[in-house]
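Each residue takes its place number in the sequence, starting with 1.
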Amino acid sequence: MRSMFIAALGLALVGCNNTTSSGQWREVQATTKDSRFERAKAICNGRAGETQVMAGRLWIAGAMAANSTFKACMAEQGFVQ
């Protein structure tokens, strides 16, 4: 069960990964909208991951709760879809 979670979390993080086309990290100015967005995304991905872990065996419900947590966190950070 734990290995399934780790694999799913890895896939989720890969899907959310927003790197340059060459896969290299890039620097953004601390005061730009890009930097605020990237920081918010990192914080919210962490919170969503914690929610998924707390859900334990509730696989589908955990994924839905993690998604809700991510969206709520991003809204708290000032970003909406």
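- Salt-bridge formation is not detected for the pair R47/E50: no Lys NZ or Arg NE/NH1/NH2 atom is positioned less than 4.0 Å from an Asp or Glu carboxylate oxygen.
- Nearest heavy atoms, I43 versus C73: CG2-SG, 4.2 Å.
- One finds the CG atom of N45 at 12.0 Å from the CD atom of Q52 (value rounded to the nearest 0.5 Å).
- For the pair Q77/F37, no side-chain contact is recorded, criterion being any heavy-atom separation below 4.5 Å from C-beta on.
- Applying the side chain to side chain contact (heavy atoms under 4.5 Å, CB included) test to S35 and every residue at least two apart in sequence or in another chain returns V28, T32.
- Side-chain atoms of R36 and F79, non-hydrogen and from C-beta on, do get closer than 4.5 Å to each other.
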